[in-house]
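Worth knowing before you read on, the calculation uses all heavy atoms, side chains too, and leaves out hydrogens, waters and symmetry mates.
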Amino acid sequence: MEEDSPEEFLAEFKEKHLGAWGIVQITAGTGLAVYAMWAGVLMPGFRKVPLRLQVPYLPASKKQVRNVMALLSGRHGNLVDLGSGDGRIVLEAHKHGFGPTVGYELNPWLVCLANFHAWRAGHYGKVSYRQEDLWKVDLTECKNVTVFLAPSVLSLLQEKMEAELPDDALVVAGRFPFTEWTPCRIEGDGVDRAWAYTMQAQRLPAGSAVLPVPKELKSPV
């Protein structure tokens, strides 16, 4: 039996009256497809995370990545991206000479996607993506940290960073700032804006004189 061509199928579909049951079927099918994408790509890992700490996956734009790297200009050493998503910040940092570069992401599908991007760029095995809870990551040896997280998460992450990061560490936040910290530099505008924070400055007692910005963090004249 010959199969109908797409044109014939579409013509037949237009001639038919769907009725209430047909509309329900189409709606249900569409809903199931959307749910399947959510369950497969976004939900894994979220089941273990309290609702207020869940951060939907939203990849960084090219401008956001450029702004982050501009704030990291002049820095060196290791780099950690907390909630690394598809891994583009980690990959770009590796290309700029940082190492080792590690991304921590709870969603296994995004970890796979990040490794695919690294393989396609020819850097597979040179960067690392780990399916781990960022709250359990030891930050005591981290020199450079990047985060693209929601404000509700940043307010709690701030406490962990203040307790664990060394004084010479630099934290770069994209999209949303640490509201209780004072940035040493800001790059970009609007949703593409990124903020840089030196940990030593955040630990100064209230009313203390602000230390000069390290040479490597000053904007070029």
Name each donor-acceptor pair under 3.5 Å that joins a side chain in residues 76-83 to protein atoms two or more places apart or in another chain, with its distance.
residue : atom : partner : partner atom : Å
Asn78   : OD1  : Lys143  : N            : 2.8
Asn78   : ND2  : Glu141  : O            : 2.9
Asp81   : OD1  : Thr146  : OG1          : 2.9

Could you tell me if the side chain of Trp195 sits less than 4.5 Å from the side chain of Val171, heavy atoms only?
no
What distance separates Ser155 OG from Phe176 CZ, expressed to the nearest 0.5 Å?
12.5 Å
Closest heavy-atom pair, Gly188 versus Asn67, reported as atoms and distance to 0.1 Å, is CA-ND2, 3.6 Å
If the test is side chain to side chain contact (heavy atoms under 4.5 Å, CB included), which one of His94, His96, Arg88 qualifies with Glu92?
His96
Given side chains that start at C-beta, do those of Phe178 and Met161 come closer than 4.5 Å, heavy atoms only?
yes
Through direct or indirect side-chain contacts below 4.5 angstrom among Ile, Leu, Val, Met, Phe, Trp and Tyr, which residues connect to Val90?
Leu91, Val111, Val127, Tyr129
Are any of the side-chain heavy atoms of Leu134 and Leu149 separated by less than 4.5 Å?
yes
If I take atom SG from residue Cys112 and atom CG from residue Asp86, how far apart are they, to the nearest 0.5 angstrom?
12.5 Å
Closest contact, heavy atoms only, Met199 versus Pro166:
CB-O, 3.5 Å
Distance, nearest 0.5 Å, that separates OG of Ser73 from CD of Glu187
9.5 Å
Mind listing the closest non-hydrogen atom pair of Gln131 and Pro108 along with its distance?
OE1-CB, 3.6 Å
Exercise: identify the closest heavy-atom pair between Ala173 and Tyr197:
CB-CE1, 4.2 Å
Hydrophobic cluster identity match, Leu154 and Trp135, side-chain contacts under 4.5 Å:
yes
Please report the interatomic distance CG(Leu165) to CG(Leu139), rounded to the nearest 0.5 Å.
5.0 Å
Could you see if Leu156 belongs to whatever hydrophobic cluster contains Val137? Use Ile, Leu, Val, Met, Phe, Trp, Tyr and a side-chain cutoff under 4.5 Å.
yes
Quick one: closest heavy-atom pair of Ser128 and Arg130, and the distance?
OG-NE, 3.4 Å
Can you list the residues that meet the side chain to side chain donor-acceptor pair (under 3.5 Å) rule with Lys160, with sequence neighbours excluded?
Glu164
Residue pair Val153 / Val147, side-chain heavy-atom distance below 4.5 Å:
no
Using side-chain heavy atoms (C-beta onward) and a distance below 4.5 Å, is Ser61 in contact with Asp192?
yes
Say you draw a straight line from CZ of Arg203 to CH2 of Trp181; how long is it, rounded to the nearest 0.5 Å?
8.0 Å
Considering the options Thr101, Leu72, Leu71, which one meets the side chain to side chain contact (heavy atoms under 4.5 Å, CB included) requirement together with Asn144?
Leu72
Nearest 0.5 Å please: distance from the CD atom of Gln202 over to the CG atom of Asp167.
11.0 Å
Which heavy-atom pair separates Ala114 from Gly85 by the least distance, and what is that distance?
CB-O, 4.1 Å
